[in-house]
Amino acid sequence: MRRIAGFALAASIAFATASCNQSAEPPAATQAQEIAWRHGDVEDALAEAKETGKPVLLYWGAEWCPPCAQMKVTLFKDPDFIAKTQDFITVYLDGDTEGAQKWGEHFGTSGYPTVIALSPDGEEITRLSSSTMASELPELLTLAAGRSRTINAVMADAKADPSSLSAEDWKILSGFDWGNDPKRFAEAKDEGALIAKLAEAAPDPAMKRRFALMAVAREAKTDDDGNMTLTAGQAKTVQDILPTILKSPAEAASNQALISYIGSDLVAALPKGAGRDALVADLGKTLAAMHADPKQSLLDRTTALRGQVALAEKTGGIGDDLKTEVRKWVAKVDKDAGDELVRKSVISYAAVALDEIGDRDAARKLLLAEVGKSQSSYYYMSVLSGFAQEDGDKMAAVDWARKAYEAAKGPATRVQWAADYSRTVMELTPADKDAVRISADAVLAELGKSPDSYYQRTRRSVERWSEALMAWSAKNDGGEVLGELKSQLAKVCAGQGKAKAATGESASCASLMQPA
């Protein structure tokens, strides 16, 4: 199981460290110890921003999300970052709070976590990458706080003529949260094409290499088994730039997320030969150094170790020494991650690392222990459901998916987990129409509990579920079940449409369970 369900690749790139318009640091004695978040009141924050001329920093996340927990225990506790946030009106928007998914739709967020800097008039200046080094983020905040030029304007100029971009524009683009912008880039290929264009025009060699590597990552094809295929041009790009990146500690650090997550995929996709072998060795050394670095977080060290495992698996096999290191490291993580947030950030990744070396029993044991004590037990139950499905134990997979839904907390989260449960039932026990009906009822019941909530993650979860339901009905003579569900859906959508009739969005809900 190479990827944890529900998470997109952290495929953003770090930005240049130099910055202008730096504000004076407040004296150490007066620096705030934590970010002064406003919880959920986006409208009030935007209204105050217009009145005061102060920009807004919006965080959109969820309690169960491991990368969100990582951000909370690292970036949000960093004194330099905290100091810079005092230049903003800061808003903490949990995805399960009332209206949060509607705001997610408004701002075009696609994943947790998302951090967006807004001008005083509410226009987006940039969105910050969650994988960027914490030491660099304060400087980007300084830049964002002093800008009125919107990211829409920057993107438009980047597409039309990258040579027209200013030095500040390049810093904004270099630190942008690529891969998490569905409004501007509905298709990954469109985003990849722009990033490739930026790679050609970038003002310094290191930035060119970062953009070029990102473009390959966005544009390369991956099959159903997770194997990446590179064109001849993409392979040449990797062979030309990756050795330079790996040999520079600073560049490797700036590209750490990309190297850890898909460095092995990129290298394994190269033509076999001496050049590939050299890159395998260089990548292995870089990942080992990242894993060994005590200044890195437990999560970053874990992902670097998983990168080593993936590299070995794809290029020759996982040796006993590496398996031993994974077991030792996971034991250390389990011991050292005492805080609930720290555990939430790393335990699921540690369990998957054990699974990737073939020790599913140990991975399952770690997750079962976490189920018994975590406030987000449903997340670990979902991973256990995936393990059971891969083992061919269909009933256990469905049972864990049901338990995960039943334990889920928060309206948007419960809709998402109900949809996951129902899709699992349809996929693994399609002949059991009663089970399909019961699990589908759960989706509609959860959606109906939150009128005016058919937005963003909730909408996308239910749309995927509806598509799966239509496919199940066509293959399993499910017309009667589908008819009953459509009757319930009409009532749910009537409630969803009350506040949105003028926008036409109620029709989106009503279009569920309809032929494409």
> Sub-3.5 Å donor-acceptor pair from the side chain of T302 to the main-chain atoms of L298, do we have one?
Replying inline: yes

>> When you measure from the side chain of E219 to the backbone of A193, do you find a donor-acceptor pair of N or O atoms at a distance under 3.5 Å?
In response: yes

>> What verdict does the ring-ring contact (aromatic ring centres under 6.0 Å, His included) test give for Y378 and W417, after you've listed the backbone C-alpha separation in whole Å, the side-chain angles of each residue and the deciding distance to 0.1 Å?
In response: CA-CA 8 Å; Y378 48 93; W417 257 255; 5.3 Å; yes

> Going through the checks in order, is the side-chain contact (heavy atoms from CB on, under 4.5 Å) test met by T114 and F107?
Replying inline: CA-CA 10 Å; T114 300; F107 290 116; over 6 Å; no

> What's the spacing between T286 OG1 and I245 CD1 if we round to 0.5 Å?
Replying inline: 10.5 Å

> Passes salt bridge (charged side-chain N to carboxylate O under 4.0 Å, His left out), K72 versus E63? Steps please.
Replying inline: CA-CA 10 Å; K72 292 174 184 177; E63 284 301 313; 3.4 Å; yes

> Is there side-chain contact between L230 and Q239, with at least one heavy-atom pair below 4.5 Å?
Replying inline: no

> Salt bridge between E313 and R306, side-chain N to carboxylate O under 4.0 Å?
Replying inline: no

> How long is the gap from OH on Y261 to CD on Q256, to the nearest 0.5 Å?
Replying inline: 10.0 Å

> So, do K403 and S377 sit near enough that their side-chain heavy atoms are less than 4.5 Å apart?
Replying inline: no

>> Whether the side chain of N255 engages the backbone of E251 through a donor-acceptor N/O pair (distance < 3.5 Å, no angle test) should be reported.
In response: yes

> Are L213 and R209 side-chain neighbours, meaning at least one heavy-atom pair lies under 4.5 Å?
Replying inline: no

>> Is the shortest side-chain heavy-atom distance between K475 and P430 below 4.5 Å?
In response: no

> Do D355 side-chain atoms and V352 backbone N/O form a donor-acceptor pair below 3.5 Å?
Replying inline: no

> Between the main-chain N or O of L299 and the side-chain N or O of T303, is there a donor-acceptor pair closer than 3.5 Å?
Replying inline: yes

> What heavy-atom pair brings F211 and A202 nearest, and what distance separates the two atoms?
Replying inline: CD1-CB, 4.2 Å

> Within the side chain of Q296, is there an N or O that forms a donor-acceptor pair under 3.5 Å with the backbone of H291?
Replying inline: no

> Between T324 and D321, does a side chain to side chain donor-acceptor pair (under 3.5 Å) hold up when you go through it step by step?
Replying inline: CA-CA 5 Å; T324 298; D321 289 346; 5.4 Å; no

> Without hydrogens or angle criteria, can the side chains of S374 and K344 be said to hold a donor-acceptor pair below 3.5 Å?
Replying inline: no

>> Do Q416 and W465 have side chains that approach each other closer than 4.5 Å (heavy atoms only, starting at C-beta)?
In response: no

> Do D177 and V115 have side chains that get closer than 4.5 Å, going by heavy atoms?
Replying inline: no

>> Can you confirm whether Q308 sits close enough to L305 that some side-chain heavy atom of one is under 4.5 Å from a side-chain heavy atom of the other?
In response: yes

> Above 12 or not: heavy atoms from other molecules or residues under 6.0 Å from NZ of K208?
Replying inline: yes

>> Please check this pair: side chain of K183 against backbone of H106, looking for a donor-acceptor N/O pair closer than 3.5 Å.
In response: yes

> Looking at V267 and R276, what are the two nearest heavy atoms and their distance?
Replying inline: O-NE, 3.5 Å

> Just how far is it from atom CE of M214 to atom CZ of R210, taken to the nearest 0.5 Å?
Replying inline: 10.0 Å

>> How long is the straight-line distance from OG of S264 back to CD1 of I259, given to the nearest 0.5 Å?
In response: 11.5 Å

> Where is the tightest heavy-atom contact between M290 and A304, given as atom of each residue plus distance?
Replying inline: CB-CB, 3.7 Å

> Step by step, would you call E427 with Q389 a side chain to side chain donor-acceptor pair (under 3.5 Å)?
Replying inline: CA-CA 10 Å; E427 181 179 353; Q389 182 171 353; 2.9 Å; yes

> Y112 vs W64 aromatic rings, parallel, tilted or perpendicular, using cut-offs 30° and 60°?
Replying inline: perpendicular

> Relative to each other, are the rings of F76 and F81 parallel, tilted or perpendicular (30° and 60° limits)?
Replying inline: parallel

> Are any of the side-chain nitrogens in R343 or D334 under 4.0 Å away from the carboxylate oxygens of its partner?
Replying inline: yes

> How far apart are the closest heavy atoms of I241 and A212, and which atoms are they?
Replying inline: CD1-CB, 3.8 Å

> Should E124 and R184 count as an ion pair when the cut-off is N to O under 4.0 Å?
Replying inline: yes

> Closest approach of S422 and V443, non-hydrogen atoms and distance?
Replying inline: CB-CG2, 3.9 Å

>> What's the separation between atom CZ in R360 and atom CG in D391, rounded to the nearest 0.5 Å?
In response: 4.5 Å

> Aromatic rings W178 and F176: how do their planes relate, parallel, tilted or perpendicular, breaks at 30° and 60°?
Replying inline: perpendicular

>> Show, in sequence, the C-alpha distance, side-chain angles and deciding distance for K295 and D300, and conclude whether the salt bridge (charged side-chain N to carboxylate O under 4.0 Å, His left out) test is met.
In response: CA-CA 10 Å; K295 298 189 295 296; D300 287 338; over 6 Å; no

> Do NZ/NE/NH1/NH2 and the carboxylate oxygens of K365 and D361 come within less than 4.0 Å?
Replying inline: no

> Going through the checks in order, is the side-chain contact (heavy atoms from CB on, under 4.5 Å) test met by V462 and Y454?
Replying inline: CA-CA 9 Å; V462 176; Y454 192 70; 4.2 Å; yes

> Is there a donor-acceptor pair under 3.5 Å between the side chain of T424 and the backbone N or O of V398?
Replying inline: no

> Under 3.5 Å, is there a donor-acceptor pair between the side chain of D96 and the main chain of A412?
Replying inline: yes

> Are the side chain of S376 and the backbone N or O of Y379 linked by a donor-acceptor pair below 3.5 Å?
Replying inline: no

>> Between Y380 and L366, does the side-chain contact (heavy atoms from CB on, under 4.5 Å) criterion hold? Intermediate values first, please.
In response: CA-CA 10 Å; Y380 304 105; L366 182 63; over 6 Å; no

> Could you walk me through whether I172 and R147 pass the side-chain contact (heavy atoms from CB on, under 4.5 Å) check?
Replying inline: CA-CA 10 Å; I172 289 291; R147 279 173 68 91; 3.7 Å; yes

> With side chains defined as the heavy atoms from C-beta onward, is the minimum distance between I357 and L322 less than 4.5 Å?
Replying inline: no

>> Can you confirm whether K285 is buried at NZ, in the sense that more than 12 heavy atoms of other residues, nucleotides or ligands lie under 6.0 Å from that atom?
In response: no

> Between E105 and R459, does at least one N-O distance fall below 4.0 Å, as a salt bridge requires?
Replying inline: yes

>> Using every non-hydrogen atom in the two residues, find where F185 and D190 come nearest and quote the distance to one decimal.
In response: CD2-C, 4.0 Å

> In terms of side-chain heavy atoms, does S164 have a donor or acceptor partner in D157 at a distance below 3.5 Å?
Replying inline: no

>> I need the E356 CD to K323 NZ distance, nearest 0.5 Å.
In response: 13.0 Å

